[in-house]
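The next block holds one structure in the form of structure tokens; read it before the comments.
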Amino acid sequence: HPSSIVVIHNNVLVHKAPSLKDKSIHTMKRDHIKYLLIGILIGVFSIKSTELSWSTAQETMNQISNVDDTRDAITKMVVSGVESTASSAETVPAGGDTVINTTSTARSAAAAASPVVASRPLETKPPDTAAASDVVQVVEPLPVVQVVNATPSTKEATAASSKNTNTSSIAKKTSATAFTHHPGVVIAVKIHGEAFIPEIKQSFCLLHAAYNNRVLYDVVLFATIKLPEDEVAAIQKIIHPAKLIVQYDEQTLQEQIADMTPTQQEHLVNRCNGVNRTEDLTWHHRCKDGKFVMPIAYCWMSEFRSKQIWTQKVLAPYKYMLWYDSDAFATQVWKQDPIDFMIQNDLLLLTANYAQGKTPFRSGVQSKLFQVYNRTFCDGVILPNGRLNVSYGGETCRSPVKQVHGFFHVTNLDFYRLPINLHWSNVQIGDNKFSRLWDDQLAVAVPPTMLAPHRVAEMEISGLKLEVMHNGDIMGKRKWKGGAYKKFFRSEGVTKFPEAQDKCRALIKVPSR
């Protein structure tokens with residue numbers, strides 16, 4: 001019937017035939033034929049256009065389908081709280097909840113289907129096996145110090161980590177007062193070199209008195225410059241009987257620069273004032289990065305904590321990492337156990353402070369997020385129950401991306417080792433090696449924020465009152481009225497933290513910077 005003919009091209013209404021009331025029968029017949037011919041001509045044109053582009057479109061779809069399938073599979077897996085395809089499950093008598101055993105099977109499965117990572121190979125270097133016998137140091141009289149020097153490839157670290165069987169989740173709880181030693185847990189920190197030894201001694205002594213003397217987790221100390229052997233022995237004595245592992249960087253600064261692409265080298269030289277050649281750069285050169293002007297040594301620490309940390313062989317046996325900056329100082333004995341809380345609640349990230357800082361939209365951060373996670377970040381807030389709630393967009397959100405405070409957090413290493421998240425660490429850094437802008441506060445925040453924000457929790461709002469001081473702030477949120485930590489320790493610390501007075505007093509030399 002002529003009144004029902006509608007011509008549509010590219011989803012646009014071209015014409016609709018007039019109503020029966022408006023036309024005579026003869027006019028409608030004539031118009032009927034006219035509209036039918038118009039429809040046929042447009043249809044033929046559309047078919048030809050489609051034939052020309054179909055092969056290209058089909059090829060493109062084939063290329064991205066595997067990436068999308070992998071991303072979707074990982075997202076569904078993480079959001080559901082299951083990081084494994086293991087078929088075994090154990091029943092928890094209390095409440096009758098079924099808990100999935102979160103072994104490393106998911107990591108292996110994701111690695112097997114990893115077009116996300118394959119599209120941009122990880123920039124890693126195999127270990128120097130020839131020098132392995134020269135880097136193990138036994139310190140007497142406490143033979144638990146192990147000094148390691150070689151850094152493995154991503155593949156080796158992932159394979160070693162997949163052997164970890166201490167990854168079963170536990171029924172969700174809100175209290176964490178057991179102070180039980182959980183397997184697969186490590187405390188980690190990185191310093192540049194010998195100048196930071198007084199700081200690390202102070203921090204380690206206070207942390208041991210506040211927490212680790214009850215759970216005795218292994219401690220990994222990453223360092224860029226080799227430390228004196230007697231100082232390593234002294235640090236071990238402070239945390240005894242916990243185990244200390246010292247891990248040095250595999251490459252010098254100039255070796256890292258030599259491995260950079262020409263684009264990366266040019267970008268670095270342009271950022272560093274007064275330098276015309278990469279050969280002239282030292283750890284102490286200050287380079288501009290956005291609003292920041294920082295020494296390369298500091299920027300390297302930020303990059304290491306953003307990217308290289310996740311594939312370190314020394315961390316492969318562990319599932320949970322408590323990161324604790326060398327200038328983080330405990331002010332009391334901890335009454336709650338952050339590791340126990342992390343495991344009991346099956347979290348991916350437990351942070352001292354969200355949000356601390358933002359990466360601006362103009363930096364290009366949203367396009368990087370969309371490249372990896374196929375969506376953008378609009379906003380995120382911590383709910384009254386301590387969990388993170390996030391809103392997303394397609395390519396539409398133009399907001400800055402919120403970060404977590406980097407001085408103190410607990411991470412699920414298995415989650416950050418997933419191919420999609422290792423891909424993020426590569427995309428985030430890009431050609432901006434030795435960057436302060438693209439640092440660990442963003443790198444740690446993004447993966448769980450984009451995939452499973454309900455498994456992110458902030459310590460204080462969740463009920464963990466740990467009261468760690470950093471840069472004069474308690475938990476990164478409020479200033480201590482007296483300023484420096486030295487003053488706190490010798491005043492309020494006498495009554496608030498008596499457990500540390502005898503053992504640590506001689507080591508309290510560094511104000512909270």
Side-chain angles (χ1 to χ4, degrees), residues 137 139 141-142 144-147 187-213 217-249 282-284 294-302 304-305 322-333 352 406-408 466-474 476 480 482-494 496-513:
Q137 174 185 350
V139 180
L142 302 172
V144 292
V145 175
Q146 178 185 1
V147 180
I187 297 171
V189 62
K190 183 170 176 60
I191 62 174
H192 182 71
E194 185 176 358
F196 293 86
I197 287 178
E199 190 172 84
I200 206 70
K201 286 180 177 179
Q202 177 174 320
S203 179
F204 277 7
C205 186
L206 296 168
L207 178 61
H208 194 77
Y211 176 61
N212 204 37
N213 62 338
Y217 290 128
D218 295 350
V219 178
V220 173
L221 173 59
F222 293 99
T224 299
I225 307 298
K226 189 173 177 63
L227 306 176
E229 295 180 6
D230 61 331
E231 293 289 9
V232 173
I235 295 170
Q236 169 63 87
K237 187 175 180 180
I238 290 170
I239 67 170
H240 181 73
K243 179 180 180 181
L244 174 67
I245 303 172
V246 178
Q247 169 77 59
Y248 295 115
D249 288 352
T282 68
W283 287 119
H284 304 292
M294 302 296 292
I296 294 179
Y298 186 94
C299 295
W300 162 237
M301 289 229 306
S302 296
F304 177 88
R305 292 162 53 167
L322 188 158
W323 185 271
Y324 199 78
D325 276 4
S326 61
D327 59 348
F329 303 132
T331 65
Q332 64 178 29
V333 170
F407 79 98
F408 179 25
L466 306 182
E467 301 291 284
V468 175
M469 185 183 292
H470 175 259
N471 288 343
D473 295 336
I474 302 297
W480 179 67
Y485 186 85
K486 286 175 66 176
K487 185 175 180 180
F488 163 83
F489 190 82
R490 288 167 170 77
S491 56
E492 288 187 25
V494 174
K496 189 176 181 181
F497 200 8
E499 297 83 357
Q501 290 295 316
D502 291 340
K503 183 175 182 180
C504 302
R505 177 174 288 273
L507 300 173
I508 306 302
K509 300 178 180 179
V510 180
S512 185
R513 296 184 292 112

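Computed from a predicted model, the values in this text were never measured in an experiment.
Y298 OH: 12 or fewer foreign heavy atoms inside a 6.0 Å radius.
D473 is not listed as a side-chain neighbour of W480, based on a closest heavy-atom distance of 4.5 Å or more. Residues Y485 and I508 are in side-chain contact: their nearest non-hydrogen atoms beyond the backbone lie under 4.5 Å apart. Counting heavy atoms from C-beta outward, F222 and V246 have side chains that stay 4.5 Å or more apart. Side-chain atoms of F497 and V333, non-hydrogen and from C-beta on, do get closer than 4.5 Å to each other. Using a 4.5 Å cut-off on side-chain heavy atoms (C-beta onward), L244 and I238 make no contact. Residues I296 and H284 form no side-chain contact, since every pair of their non-hydrogen atoms from C-beta on lies 4.5 Å or further apart. Between S203 and Y324 there is a side-chain heavy-atom pair separated by less than 4.5 Å. Proximity of L227 to L221: side-chain heavy atoms (C-beta onward) are separated by under 4.5 Å at one or more points.
Here the CE-CD1 distance, from M301 to I191, works out to 8.5 Å after rounding to the nearest 0.5 Å. Interatomic distance, CD1 of I474 versus CZ of F329, reported as 12.0 Å (0.5 Å rounding). Distance check, rounded to the nearest 0.5 Å: NZ of K190 to CD of Q247 gives 8.5 Å. Between the CG atom in L207 and the OG atom in S326 there is a gap of 12.5 Å [rounded to 0.5 Å]. Note that the CD atom of Q236 and the CD1 atom of I245 stand 10.0 Å from one another [nearest 0.5 Å]. Here I239 contributes atom CD1 and N212 contributes atom CG; the two are 7.0 Å apart, rounded to the nearest 0.5 Å.
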*Apply side chain to side chain contact (heavy atoms under 4.5 Å, CB included) to C504 and Q202, showing your working.*
CA-CA 7 Å; C504 302; Q202 177 174 320; over 6 Å; no
*Please step through side chain to side chain contact (heavy atoms under 4.5 Å, CB included) for the pair H208 and K503, ending with a clear verdict.*
CA-CA 10 Å; H208 194 77; K503 183 175 182 180; 3.4 Å; yes
*asked:* side chain to side chain contact (heavy atoms under 4.5 Å, CB included), that's the test. Do F408 and H470 meet it? Break it down for me.
replied: CA-CA 9 Å; F408 179 25; H470 175 259; over 6 Å; no
*So W323 and I187, side chain to side chain contact (heavy atoms under 4.5 Å, CB included) or not? Walk me through it.*
CA-CA 6 Å; W323 185 271; I187 297 171; over 6 Å; no
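What you find for D325 and G406 is that their closest heavy atoms are OD1-O, 3.8 Å. Scanning both residues, I225 and Y248, for their nearest heavy atoms gives O-CE2, 3.7 Å.
The backbone N or O of K487 sits less than 3.5 Å from a side-chain atom of S491, completing a donor-acceptor pair. A donor-acceptor contact shorter than 3.5 Å is absent between the side chain of R505 and the backbone of R490. Using modelled atom types, one side-chain atom of Q501 and one backbone atom of G493 make a donor-acceptor pair closer than 3.5 Å. Judged by distance alone, the side chain of Q332 and the main-chain N or O of P498 form no donor-acceptor pair under 3.5 Å.
Under the 4.0 Å criterion applied to side-chain N and carboxylate O atoms, D249 and K226 are not assigned as salt-bridge partners. Salt-bridge formation is detected for the pair K201/E231: a Lys NZ or Arg NE/NH1/NH2 atom is positioned less than 4.0 Å from an Asp or Glu carboxylate oxygen.
Under the 3.5 Å distance criterion, with hydrogens and angles disregarded, no donor-acceptor pair is assigned to the side chains of E467 and T331.
Ring geometry, Y217 versus Y211: the interplanar angle falls from 30° to 60°, so the pair is classed tilted.
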